[in-house]
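Below you'll find the structure, written out as structure tokens, and then a few comments.
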Amino acid sequence: SWIGERIVQNFTCYECLKHFCITCTNDDGEDVLGHCHNCKKGYCTDCQKSKGCICCDFEYCVDCRDFTDCSGCDSVFCEECIASGSATNVR
């Protein structure tokens with residue numbers, strides 16, 4: 001029932017150029033479009049080119065930040081958190 005509803009699709013995936021609204025989520029309730037904290041580009045879950053740092057809790061494009069995977073678990077850390085020493089305080 002789109003008639004009478006105010007739904008604006010003003011977010012666009014930087015890769016595939018599909019449009020999404022701000023409340024768009026997948027079946028798991030996760031946002032369909034993520035935004036890089038650095039360059040502000042948004043990628044949908046189909047074109048996802050980003051990773052989230054477990055330390056600073058920001059999402060970055062893989063082109064904007066280098067990441068290091070923890071050898072003991074599935075955690076991912078951005079280069080900035082590793083350089084600052086913040087990544088060692090995460091448990």
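Since the structure is predicted, the reported quantities are computational estimates derived from the model, not experimental observations. Sequential numbering from 1 along the given sequence is applied to the chain's residues.
The closest side-chain heavy-atom distance from His35 to Lys40 is not below 4.5 Å. The shortest distance between side-chain heavy atoms of Leu33 and Cys13 falls below 4.5 Å. A heavy-atom distance below 4.5 Å is found between the side chains of Asp46 and Lys18. Between Cys56 and Cys81, the closest side-chain pair of non-hydrogen atoms falls below 4.5 Å. No side-chain heavy atom of Cys53 sits less than 4.5 Å from a side-chain heavy atom of Phe58. When side chains are defined from C-beta on, Cys55 does not count as touching Cys78, because their heavy atoms never get closer than 4.5 Å.
Not a single side chain to side chain donor-acceptor pair (under 3.5 Å) links Thr25 to another residue, sequence neighbours left out.
Here SG of Cys61 is found 4.5 Å from OH of Tyr43. Values are rounded to the nearest 0.5 Å. Separating the CG atom in Asp66 from the CD atom in Glu80 is a distance of 11.5 Å, to the nearest 0.5 Å. The OH atom of Tyr14 sits 14.5 Å away from atom SG of Cys44, with the distance rounded to the nearest 0.5 Å.
The two residues Cys47 and Glu15 come nearest to each other via the heavy atoms CB-CB, 3.6 Å. The two residues Asp69 and Val76 come nearest to each other via the heavy atoms OD1-CG2, 3.4 Å.
Ile54 and Ile82 fall within the same hydrophobic cluster, defined by Ile, Leu, Val, Met, Phe, Trp and Tyr side-chain heavy atoms under 4.5 Å apart, directly or through other members.
Between Lys51 and Glu59 no salt bridge is recorded (no basic side-chain N to carboxylate O distance below 4.0 Å).
In this pair, Tyr60 and Phe67 present their aromatic rings tilted. The plane angle is within the 30 to 60° band.
Annotation: Asp28, atom CG; neighbour count of heavy atoms from other residues, nucleotides and ligands within 6.0 Å is above 12. Under a cut-off of 6.0 angstrom, the local environment of CG in Asn26 is crowded, with over 12 non-hydrogen atoms contributed by other residues, nucleotides or ligands.
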